[in-house]
Protein chains: 2
Amino acid sequence: MQSHTPAGRAGRPRSAAADAAILAATREALVELGWSKLTLGDVATRAGVAKTTVYRRWTGKSELVTDALATLFDQLVLPDRGSLRADVEGVVLQFADLLEQPATKTALMAVVAEATHDEALRQRLREKIVARQKRLVVEGRRRAQSRGEIPADVTDPGPQIDLIFDVIAGAVVHRTLVSCEPVDADWASRFTAVLLDGLAAAGG
Amino acid sequence: MQSHTPAGRAGRPRSAAADAAILAATREALVELGWSKLTLGDVATRAGVAKTTVYRRWTGKSELVTDALATLFDQLVLPDRGSLRADVEGVVLQFADLLEQPATKTALMAVVAEATHDEALRQRLREKIVARQKRLVVEGRRRAQSRGEIPADVTDPGPQIDLIFDVIAGAVVHRTLVSCEPVDADWASRFTAVLLDGLAAAGG
DNA sequence: AGCTTTCGCTACGACTCGTAGCGTAATGCC
DNA sequence: GGCATTACGCTACGAGTCGTAGCGAAAGCT
């Protein structure tokens, strides 16, 4: 949200129900209208609140959509499927499912586009989406190490984690949204094989 | 362009100079204003033409920006650096340079975002960008085969070409625009190693 | 020449923008 | 309970953009 209710603040507090209604209305409007035709006035009407209530909490369309998008990405989890390979395939398919949702794909690309010339929005995107989802890579690595599938870290794992994250997320996004081809079980299997074999051979 | 001059058509032909001026003005406006603040009226003013002239050739902002974007992507070539590994690193760095240009990054993401809910625009994107750039992968493979670095095709190479294209383009785009980290020589080297070793081990 | 099409220009109604002002509702503090 | 404070819904506003229409003039094909 744009502003948490300051602790010990006098006066009527912001309605949490209004926050939720606005975010839900934003996701709904993204599906029906897409980014460019989405208006904050329309979102307010759908949410059953006044337009001014939306503007009191978010400074603009970009910020609102970013927060609505974050609620969608937080659906992602890393189910334990028993092996590194199966875990990666699982997260690839799960991410692809998320990108199949019209609200997700429209919002993600539009926010990234706006962020290219808006430093504050870039920061928001990093905090609420990138940093939160990178946890999946960290967790997957940790699990694979505890299973003995990959060696424990000897050097700083940061760069490798970044590389893996960009390759997985980038490839899935690109195939789904730019090439407009489906990410099915076969593609996920072939992609995972290339990634894991490449990491094993190249040594990170 | 939106409409080629029909052959053997009577009357005054469309000005090719106006086409070029409009596309150049669009690239310029994308840099300064980004997608959401770019208006066709402003583009017309910058190009030194009337607003109606723009609307006669392109049906909307998305189509115009897509064509302006295609002129930027057509800068990409595949220099022969002597080995598959060097060729891939070269194209990765070249693509990263292209995405450093403000006009490219803003336009690419915005067009993809609009394309998620516009089938005609998706088609235009595939024709003018995706299909044209996939040639780089095809050419790189052909060269590597003629050098004997990889075996000649036994099965249909189509799926592998698609996979390679999405992994390369996706990873570079994601690192540059979503993670907002630079694609330098070190990253390109590590990425290329993972990709090529993975393809060699996984066998496509 | 004569015909056809494009060009620049102006104007138009419709829409969205983000903000301001009002009276009312809901809460914390005393 | 009463009061100060803040959020809320509503209405209205000027500014800006949208995409289109109509006009006379310019430019090129046959």
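First the proteins, then the strands, lettered A, B, ... as listed; each starts at 1. These numbers come from a predicted model, not from an experiment.
The CG atom of A:D42 sits 14 Å away from the C1' atom of C:dC17 (whole-angstrom rounding). In this structure, the NZ atom of A:K37 is 9 Å from the P atom of D:dG19, given to the nearest Å. The distance between atom CZ of A:R56 and atom C1' of D:dG9, rounded to the nearest whole Å, is 8 Å. Separating the CG atom of B:L64 from the C1' atom of D:dC18 is a distance of 15 Å, rounded to the nearest angstrom. D:dC8 atom C1' lies 11 Å from atom CZ of A:R14, rounded to whole Å. Atom CH2 in A:W58 sits about 15 Å away from atom P in C:dG18, given to the nearest Å. The distance from atom OH of B:Y55 to atom C1' of C:dC7 is 17 Å, rounded to the nearest whole Å.
Side-chain N/O atoms of A:T116 and A:R122 include no donor and acceptor closer than 3.5 Å. For the residue pair B:Q145 / B:D153, a side-chain donor-acceptor distance below 3.5 Å is found, with atom types taken as modelled. Remark: the A:Q123 side chain and the A:R126 side chain contain an N/O donor-acceptor pair separated by less than 3.5 Å.
Within residues 106-122 of chain B, no residue approaches DNA chain C, by heavy-atom distance under 4.0 Å.
If B:A50 and A:G60 are placed on DNA chain C by their nearest nucleotide, the residue sitting closer to the 5' end is B:A50.
Residue-to-nucleotide contacts include a donor-acceptor pair under 3.5 Å from the side chain of B:K51 to the base of D:dG19. Contact annotation: side chain of A:R12 to base of C:dA25, donor-acceptor pair present below 3.5 Å.
Between A:D19 and A:R14 there is no salt bridge, since no side-chain nitrogen of the basic residue lies less than 4.0 Å from a carboxylate oxygen of the acidic one. Salt-bridge formation is not detected for the pair A:R124/A:E127: no Lys NZ or Arg NE/NH1/NH2 atom is positioned less than 4.0 Å from an Asp or Glu carboxylate oxygen.
When the side-chain nitrogen and oxygen atoms of B:T53 are compared with OP1 and OP2 of C:dG8, one or more of them lie within a distance under 4.0 Å.
Contact annotation for A:T52: base contact, defined as any heavy-atom pair under 4.0 Å involving a base atom.
For B:L136, the side chain to side chain contact (heavy atoms under 4.5 Å, CB included) partners at least two apart in sequence or on another chain are B:L76, B:L78, B:V91, B:Q133. Remark: B:F165 engages A:H174 in a ring pair (Phe, Tyr, Trp, His ring centres under 6.0 Å) (not counting sequence neighbours).
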